[in-house]
Amino acid sequence: MQLVTALTLANRYFPDQLDTGALAQLLPDEFIRQCLQEAGVATVRRRRLPLEALVMVVLGMALYRNKDVWSIADKMQIALPGKRHLVAPSAVHQGRQRLGEKAMQQVFHQTQQLWHQQAEHPRWCGLQLLGVDGVVWRAPDTADNTAAFTKPITSAGESAWPMVRMVCQMELTSHLLVNATMDSYSTNEMVLAEQLIDNTPDNSLTLFDRGFYALGLLHAWQSTGLNRHWLIPLKKGTQYEVIAKLGKRDSLVRLATSPQARKKWPGLPPYLDARLLQKKVKGKDCFILTSMVSATQFIGDEIVDLYSQRWEIELGYREMKQQLLANEFTLRSKKAELVKQELWGALLCYNLIRYQMVRMAKTLPGIYPNELSFTLCANAIVSLFEHGFTLISAHHIPPELDDLTRKAEHFILPFRREHRSYPRQVKRKPSKYAHKK
């Protein structure tokens with residue numbers, strides 16, 4: 001099984017005895033089986049189509065967007081034990097229902113913890129840079145998906161597609177996903193962001209968009225764990241009291257919390273102290289609010305410039321939708337649980353490619369993984385998974401990946417042009433009436 005071998009090498013695991021005829025017995029199978037047990041879907045009965053193989057099928061659904069699920073099972077050589085013919089298309093669908101959503105979610109969380117430990121991300125003032133933002137996915141128009149995810153309602157009427165709202169947390173220098181949560185389109189992004197608080201790493205700085213401004217959320221983010229900071233633009237019309245001046249455009253301010261917020265967040269105090277920084281960027285005044293109140297430890301000008309890194313998570317979403325999923329914005333699954341399963345598989349596949357890019361960037365001094373071309377790296381890595389492993393012995397797989405790593409300098413992106421401007425444009429309001437011919 002080609003993708004099993006790929007996941008094994010991504011985890012940097014090499015068994016003592018490498019059996020080319022039994023790749024299913026390598027670490028990924030055991031690792032995935034452990035995740036299935038923790039998710040509560042592992043069974044004692046050994047089925048013809050095991051759940052470990054179905055995890056790889058869901059992963060392949062993100063890699064091969066132009067193929068149906070049964071063709072993916074065929075391509076990944078998932079056959080019945082002791083027989084040469086492949087499983088029936090209905091068996092793959094029934095197996096996905098058996099697998100469920102929680103199993104893929106557990107595999108994603110376990111792999112991201114392992115890969116983040118091995119990545120050794122660069123830090124700013126001892127803090128790991130994280131970004132949080134929301135994204136919307138389009139599901140097929142079925143009764144089950146509509147009931148679970150709802151359709152957006154605009155001035156032109158109800159949308160034709162049910163939408164899934166997702167909020168992700170990403171390490172910004174590598175684009176490796178740290179965590180994610182998803183729900184129906186009607187769910188507020190800040191409600192989903194609350195679910196990311198407990199798993200946020202300590203000694204980190206999280207960059208938020210202006211839409212996540214909520215003092216209860218920010219206080220919980222800061223107070224849960226050790227040395228967890230946040231950074232967010234000041235919302236227009238926010239009232240505050242200046243407590244002390246830390247510099248010419250640097251102040252310590254006090255923000256009053258509302259009774260409604262204190263009722264929702266029991267640990268929220270009546271006032272929240274924060275640091276307000278102001279800087280003129282491209283002729284426009286920027287106001288940044290942060291929990292990093294120490295002026296000696298955190299330099300004000302660097303904090304304002306640091307906020308531009310928040311756009312890395314937007315680039316990550318673009319990589320997932322345009323490059324990885326080939327601009328096919330509508331997902332495949334027609335049931336709500338399988339839609340979530342498919343999304344966890346896409347996030348896991350994205351992290352798999354991104355981790356290989358982290359390894360490639362380690363050979364290039366002064367180059368971060370987000371400075372490598374995702375499109376070129378993904379094509380090279382997927383091509384190696386798809387073609388290379390069928391033509392070479394398993395003993396030669398590590399040299400093939402090492403050769404790809406040595407060529408990392410050819411994947412470096414050119415310097416970004418900072419002076420380009422893309423002002424927001426108001427789209428023309430769609431008409432409710434048919435156009436006159």
Side-chain angles (χ1 to χ4, degrees), residues 3-4 7 10-11 24 27-47 49-63 69 72-73 76 78 91-116 134-137 139-140 142 144-145 147-150 162-170 176-187 191-200 320 331-352:
L3 204 53
V4 171
L7 194 57
N11 288 336
L27 174 65
D29 274 352
E30 298 297 330
F31 179 78
I32 294 173
R33 194 173 296 116
Q34 180 182 356
C35 295
L36 297 179
Q37 292 175 355
E38 294 180 4
V41 297
T43 58
V44 177
R45 174 185 172 187
R46 191 62 179 174
R47 295 180 178 268
L49 187 59
L51 294 178
E52 295 86 349
L54 290 167
V55 171
M56 296 302 159
V57 172
V58 177
L59 218 60
M61 290 171 62
L63 285 175
V69 179
I72 293 172
M76 299 175 64
I78 298 178
V92 180
H93 178 70
Q94 294 171 3
R96 286 189 60 202
Q97 291 181 313
R98 240 182 330 117
L99 180 65
E101 170 210 353
K102 297 298 181 183
M104 289 302 303
Q105 182 180 4
Q106 188 67 25
V107 174
F108 168 80
H109 284 299
Q110 294 293 338
T111 52
Q112 70 85 13
Q113 291 177 9
L114 177 64
W115 291 337
H116 277 285
V135 65
V136 173
W137 303 86
T142 63
D144 191 70
N145 287 343
F149 303 126
T150 68
M163 298 289 187
V164 185
R165 190 180 298 280
M166 177 189 291
V167 173
C168 294
Q169 188 176 38
M170 177 182 288
L176 270 173
L177 294 171
V178 177
N179 202 354
T181 180
M182 64 189 76
D183 208 329
S184 67
Y185 181 83
S186 58
T187 305
V191 175
L192 295 177
E194 295 174 18
Q195 303 175 24
L196 304 178
I197 295 177
D198 293 336
N199 294 327
T200 299
M320 291 183 213
L331 301 173
R332 304 169 183 257
S333 306
K334 297 182 179 180
K335 292 188 176 182
E337 185 178 15
L338 299 185
V339 167
K340 294 183 178 180
Q341 179 194 85
E342 182 180 348
L343 285 174
W344 286 118
L347 299 182
L348 176 60
C349 183
Y350 177 77
N351 261 9
L352 171 64

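Taking both residues in full, the closest heavy atoms of L177 and H116 are given as O-NE2, 3.1 Å, listed atom of the first, atom of the second, then distance. Smallest separation of non-hydrogen atoms from L347 and F108: CB-CE1, 3.8 Å. Of all heavy-atom pairs spanning P140 and R332, the tightest one is CG-O, 3.7 Å. Across every non-hydrogen atom of N145 and A139, the tightest pair is ND2-CB, 4.0 Å. Closest non-hydrogen pair, V92 versus L54, comes out as O-CD2, 4.1 Å. Considering all non-hydrogen atoms of both residues, L63 and C349 come closest at CD2-SG, 3.3 Å.
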Stepwise side-chain contact (heavy atoms from CB on, under 4.5 Å) test for Q97 and K335: CA-CA 9 Å; Q97 291 181 313; K335 292 188 176 182; 2.7 Å; yes
Check against side-chain contact (heavy atoms from CB on, under 4.5 Å), V339 and F149: CA-CA 10 Å; V339 167; F149 303 126; 3.9 Å; yes
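Once rounded to the nearest 0.5 Å, the distance linking OG1 of T187 with CE of M166 reads 12.5 Å. Taken to the nearest 0.5 Å, the CH2 atom of W137 stands 12.5 Å off from the CE atom of M163. To the nearest 0.5 angstrom, T111 atom OG1 is 8.5 Å from L352 atom CG. How far CD of E194 is from OG1 of T181: 10.5 Å, rounded to the nearest 0.5 Å. To the nearest 0.5 Å, the span separating CE on M182 from NZ on K340 amounts to 7.5 Å. Distance check, rounded to the nearest 0.5 Å: CG of L343 to CD of Q105 gives 11.5 Å.
Side-chain contact check for L196 versus V167: some heavy-atom pair is nearer than 4.5 Å. Within the 4.5 Å cutoff, no side-chain heavy atoms of H93 are placed close to those of V69. Counting heavy atoms from C-beta on, the side chains of M320 and Y350 come closer than 4.5 Å. Under the 4.5 Å side-chain criterion, counting only non-hydrogen atoms from C-beta, R165 is in contact with L192.
Side-chain atoms of T142 come within 3.5 Å of backbone atoms of K334 as a donor-acceptor pair (strictly under, hydrogens ignored). Within the 3.5 Å criterion, the main-chain N or O of S333 finds a donor-acceptor partner in the side chain of E342.
Tested against L348, the residues Q110, H109, Q112, M104 include a single side-chain contact (heavy atoms from CB on, under 4.5 Å) partner, M104.
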